[in-house]
Every structure is written in structure tokens, then in C-alpha cells.
A.B. asks: 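The structure that follows is given in the form of C-alpha cells.
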2 protein chains.
Amino acid sequence: MQENQISPSEWEIMRVVWTNHPISSREINDILKEKKEWKLTTTKTLIGRLVKKGMLSTEKQGRKFEYSPLVTEKESIDESIDDLLDQMCNTKVGRSIETILEKRTLSKTELEQLSELIKKKKETAPNKIYCTCTPGQCGCVV
Amino acid sequence: MQENQISPSEWEIMRVVWTNHPISSREINDILKEKKEWKLTTTKTLIGRLVKKGMLSTEKQGRKFEYSPLVTEKESIDESIDDLLDQMCNTKVGRSIETILEKRTLSKTELEQLSELIKKKKETAPNKIYCTCTPGQCGCVV
DNA sequence: TCATTAAGTTTACAATTGTAATCGATAATT
DNA sequence: AATTATCGATTACAATTGTAAACTTAATGA
């Protein structure tokens, strides 16, 4: 199936480790206590899977283990976004960004940065986006 | 687990049906022939699951069935995006959009529309985005 | 009419994921 | 030293997903 992605539950663990590391399984579990009503063993299972997937490193600290991330949060987020966008036609990406912008709140600064970036992109932007979908999977007239 | 989402393989089917409907299972399979080397039965299984999930409607047309979408492509795309963004801190959304813009090519028209939208959003944008993450799951200083 | 197609349905089976109990080793406590 | 509390590791088990064979029924062609 898919090549070693981070599942939603695993993502919860990763966020904790990205924020605090090195960190022990108990500490991870404590942090997630209210949000997810997981038993300690559940947390441990997820940690184990993340270690096996190469997402977390372990270091024996005395008798216990301390975990640290082997991938960055940005990397992982970007990958998820890519996976998502790869599922749709190129010509739908623009509209999707619009939808995000409509629904989510960004700060003035963030919007300003986006404006800048867009201005720059406009210089080299094509007049038309070409669809590369399998014929029959999108209605674009290329 | 997750509430009736569309899996990647199912998504392939949906794209075909969104583009061409009503459509029969054989036609769907023909369209996907080169992209996915699925047996006809595989296609049928996926169609069956989508019908069960309420994503496709069936209509008996003589002896065979014709399938049509019960959800729109935009709805589905937006939902996927929401699921993804919900996994991250509010304060990371802006940066994520930037990343998309950097990596994907948008047309002049699309960029123009985004500019417009951003301009409008700026009027009501806050100076700061507030993080609502579980403490310990992100490093934002709120 | 009888065999062959073709449609959908049922069954299958491994991998992934969500969730957790149990086990074995080690450390801390009494 | 004996007991208990902790760790990580192993095992468990159902739901979802990817992928497909087998089955049933109805239609079509010989």
C-alpha cells in the first residue's frame, strides 16, 4: 500500500515529539491525556510503529527510552499536501487554495507574504494550466 | 475509524464518474485501464464500496447498472483539505499555502483571483493567529 | 435450447490502522 | 531479598483498504 506515511493517530504522537524532544513514552502519553483517551499501551504501540517507519529515533537513557523526530514537521506536512494535490487535476489546485483562504483565517502578515509571493509568481505564470490527467478522469479541455 | 472517506483507489473511480456519468462499471474500467492495471473485479469492488458509502447512486438501465455521483468533486476535495488542515496548528496554514504556491504552477488568471481574494481578506485579517492546539502539541507562543 | 458472456454479489486475504491486553525484564520500594 | 511498579516488546483483534478469484444470474449467440 502506501509508502510509510504517518497515520492520523501517529500524527498526534509526532506533533508531541516535534514540540518536545527528546521525550519519553510516558511524557508523550501525559501530554495527549486529555485530547485522546488512549491507554498508555496504545501510545506505546503507535510510538513503536513510528520507530519502525523511521520517523522516530530512540535513545536509551538509563533504563528508559527517549524519542526524537527523524523527519521534520514541515517535511511531513508538505508531503501530505503533495499526496493530496497529486490526487486532483492541476487545474483544480488554484481553486482549492482559494477555498482554503476563504475558510481559514490568516494573519495580516501571512496574507502580506502570500501577496508578495503571488506577485513574484505572476511574472512567470503561464496563461493556461495544462491538465495531465488520464483521459476521462477530468473534464478539462486542454 | 474515519467516517466514510474516499480512499485513494476509490478516488480514482470517483474522478471517472465525476467526469462521465451516468457510466457503467465496464466503461469505468476501460477508462482506468492504462493508469491502473486493475482487474475488472477490482473496479467492481471499489464501485460497490462507493455505493455502500453513499458516494455513488445506481440506476438499473436495462440489465446493467449506470452509476452517478452523489457528492460533488468540489465537496470531496474540500473535505480532504479540511481533514488535512485540521491535523495541523492554525499557525501553519499560511506557510503551507505558500509551499503549495511555490511548488505548483498556477495560471495568471488564477493568481489574479487569489490576489483579489487576499486583498479582500486583508481588510478583516487579525494581526495574529491564535493557536488552539493541545498544550505540548505545538510550539506556538500564543 | 444450450453454451458463452457479461453484470453484479459474495468471499478472500494480506497490509494498515485504531486500540489495547499481556508478557518479560528491569528498577524502585518495602 | 521480596514485591511492586515501569519499560519496551509481543500478541491480539476488528475495521479499512488494495486487490482479486469465485459465484450467481441473466442475456446473447450458435
Side-chain angles (χ1 to χ4, degrees), chain A residues 1-17 22-30 32-68 76 79-80 83-84 87, chain B residues 1-17 22-68 76 79-80 83-84 86-87:
Chain A
M1 291 184 188
Q2 47 209 3
E3 10 56 58
N4 274 14
Q5 272 182 273
I6 301 174
S7 79
S9 291
E10 288 165 356
W11 196 272
E12 299 287 351
I13 305 279
M14 288 305 294
R15 289 189 59 183
V16 175
V17 183
I23 188 172
S24 71
S25 63
R26 169 155 298 285
E27 291 168 314
I28 293 174
N29 194 251
D30 282 348
L32 288 172
K33 189 145 294 176
E34 312 115 50
K35 186 176 187 184
K36 316 293 294 184
E37 309 209 328
W38 288 339
K39 306 285 160 165
L40 180 56
T41 49
T42 301
T43 298
K44 285 180 185 172
T45 300
L46 293 170
I47 291 173
R49 289 179 185 165
L50 286 165
V51 170
K52 188 178 304 174
K53 288 185 182 182
M55 303 293 177
L56 292 181
S57 70
T58 42
E59 185 165 0
K60 197 156 211 152
Q61 207 59 40
R63 59 225 139 280
K64 61 178 64 172
F65 282 81
E66 301 268 75
Y67 302 94
S68 296
S76 303
E79 234 182 273
S80 303
D83 286 346
L84 181 59
Q87 275 185 313
Chain B
M1 290 187 190
Q2 49 210 1
E3 10 58 54
N4 273 16
Q5 273 183 276
I6 302 174
S7 79
S9 291
E10 289 165 357
W11 196 270
E12 300 286 351
I13 306 278
M14 289 305 293
R15 289 188 59 182
V16 174
V17 184
I23 187 172
S24 69
S25 62
R26 170 155 297 284
E27 291 170 314
I28 293 174
N29 194 250
D30 283 347
I31 286 178
L32 289 172
K33 190 144 293 175
E34 311 116 52
K35 187 177 189 184
K36 316 294 292 185
E37 309 210 327
W38 288 339
K39 306 285 162 168
L40 181 56
T41 49
T42 301
T43 299
K44 286 179 185 175
T45 300
L46 293 170
I47 291 172
R49 288 179 186 165
L50 286 165
V51 170
K52 189 179 301 173
K53 286 184 182 182
M55 304 293 177
L56 292 181
S57 70
T58 42
E59 184 165 0
K60 200 159 210 152
Q61 206 60 41
R63 60 223 138 280
K64 60 178 64 172
F65 283 82
E66 300 268 75
Y67 301 94
S68 296
S76 303
E79 235 182 271
S80 304
D83 287 345
L84 181 60
D86 286 347
Q87 275 185 312

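Proteins get letters first, then strands, A, B, ... in listed order; numbering begins at 1 in each.
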A.B. asks: To the nearest Å, how far apart are L32(A) CG and dT19(C) P?
C.D. replies: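 Taking CG of L32(A) and P of dT19(C), I get 12 Å after rounding.
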A.B. asks: The side chain of S9(A) lies closest to which of these nucleotides: dT19(D), dT17(D), dT19(C)?
C.D. replies: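 Closest nucleotide among those given: dT19(C).
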A.B. asks: Out of dG18(D), dT10(D), dT17(C), which has the shortest distance to the side chain of S7(A)?
C.D. replies: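 So the side chain of S7(A) is nearest to dT17(C).
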A.B. asks: By nearest atom, which of the nucleotides dG8(C), dT19(D), dA21(C) is closest to the F65(B) side chain?
C.D. replies: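 For the F65(B) side chain, the nearest candidate turns out to be dG8(C).
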A.B. asks: Looking for any heavy atom pair under 4.0 Å, which part of the strands does K60(B) touch: base, sugar-phosphate only, or nothing?
C.D. replies: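 No contact.
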A.B. asks: So how far is it from K64(B) NZ to R26(B) CZ, rounded to the nearest 0.5 Å?
C.D. replies: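 These two atoms lie 8.0 Å from each other.
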A.B. asks: Once you round it to whole Å, what is the distance between C1' of dC13(D) and NZ of K39(A)?
C.D. replies: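 It works out to 16 Å between those atoms.
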A.B. asks: Strictly below 4.0 Å: does T42(B) bring a side-chain N or O up to OP1 or OP2 of dA20(D)?
C.D. replies: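 So the side chain of T42(B) is within the cut-off, an N or O lying under 4.0 Å from OP1 or OP2 of dA20(D).
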A.B. asks: Kindly indicate whether the side chain of L50(B), heavy atoms from C-beta on, has any atom under 4.5 Å from the side chain of Y67(B).
C.D. replies: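 L50(B) does not reach Y67(B) side chain to side chain.
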A.B. asks: Without decimals, in angstroms, what is the distance between E27(A) CD and dG8(D) P?
C.D. replies: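 That distance rounds to 11 Å.
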A.B. asks: Taking atom P of dT16(C) as reference, at what distance in whole Å does atom CH2 of W11(A) sit?
C.D. replies: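 Spelled out: CH2 on W11(A) to P on dT16(C) is 19 Å.
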A.B. asks: At what distance, to the nearest 0.5 angstrom, does OG1 of T43(A) lie from NZ of K33(A)?
C.D. replies: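 Nearest 0.5 Å value for the OG1-NZ distance: 8.5 Å.
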A.B. asks: Looking at the side chain of K64(A), which of dT19(C), dC7(D), dG18(D) is the nearest nucleotide?
C.D. replies: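 When the side chain of K64(A) is considered, dC7(D) is the closest of dT19(C), dC7(D), dG18(D).
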A.B. asks: Side chain of R49(B), base of dT19(D): donor and acceptor closer than 3.5 Å?
C.D. replies: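 Answer yes: a donor N or O sits under 3.5 Å from an acceptor.
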A.B. asks: Looking at the base of dA7(C), is there any donor atom on it, or on the side chain of S25(B), that sits under 3.5 Å from an acceptor on the other one?
C.D. replies: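 No such pair is found, so the answer is no.
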A.B. asks: Out of dT19(C), dA20(C), dT19(D), which has the shortest distance to the side chain of T41(A)?
C.D. replies: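 Among the listed nucleotides, the one closest to the side chain of T41(A) is dA20(C).
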A.B. asks: dT17(D) phosphate, OP1 or OP2: any side-chain N/O from K52(B) under 4.0 angstrom?
C.D. replies: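 Answer is no, no contact under 4.0 Å.
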A.B. asks: Write down the distance between CD1 (I47(A)) and C1' (dC7(D)), rounded to a whole number of angstrom.
C.D. replies: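 In whole Å, dC7(D) C1' and I47(A) CD1 are 11 Å from each other.
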A.B. asks: So does Y67(A) get a side-chain nitrogen or oxygen closer than 4.0 Å to the phosphate oxygens (OP1/OP2) of dC7(D)?
C.D. replies: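 Checking dC7(D) against Y67(A), no side-chain N or O comes under 4.0 Å of OP1 or OP2.
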A.B. asks: Quick one: CD on E79(B) to CG on L84(B), what's the gap to the nearest 0.5 Å?
C.D. replies: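 One gets 13.0 Å once the value is rounded to the nearest 0.5 Å.
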A.B. asks: For E59(B) and dG8(C), give me the distance from atom CD to atom C1', rounded to whole Å.
C.D. replies: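 Result: 16 Å.
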A.B. asks: Q5(B) CD to dT16(D) P: how many Å, rounded?
C.D. replies: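 Whole-Å distance recorded here is 12 Å.
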A.B. asks: Under 3.5 Å, side chain of W11(B) to main-chain N/O of Q87(A), donor-acceptor pair present?
C.D. replies: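 It does hold such a pair.
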A.B. asks: Taking NZ from K35(B) and C1' from dT19(D), how many angstroms apart are they, rounded to a whole number?
C.D. replies: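 Computing the K35(B):NZ to dT19(D):C1' distance gives 17 Å.
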A.B. asks: Select base, sugar-phosphate, or nothing to describe what T58(A) touches, counting heavy atoms under 4.0 Å on all strands.
C.D. replies: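 Nothing, no heavy atom under 4.0 Å.
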A.B. asks: With nearest nucleotides of DNA chain C determined for K44(B) and K36(A) from heavy-atom distances, which residue corresponds to the more 5′ nucleotide?
C.D. replies: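 The residue mapped nearer the 5' terminus is K44(B).
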A.B. asks: Is the shortest distance from a Lys or Arg side-chain nitrogen in E12(A) or K35(A) to a carboxylate oxygen in the other one below 4.0 Å?
C.D. replies: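 Yes, charged N to carboxylate O under 4.0 Å.
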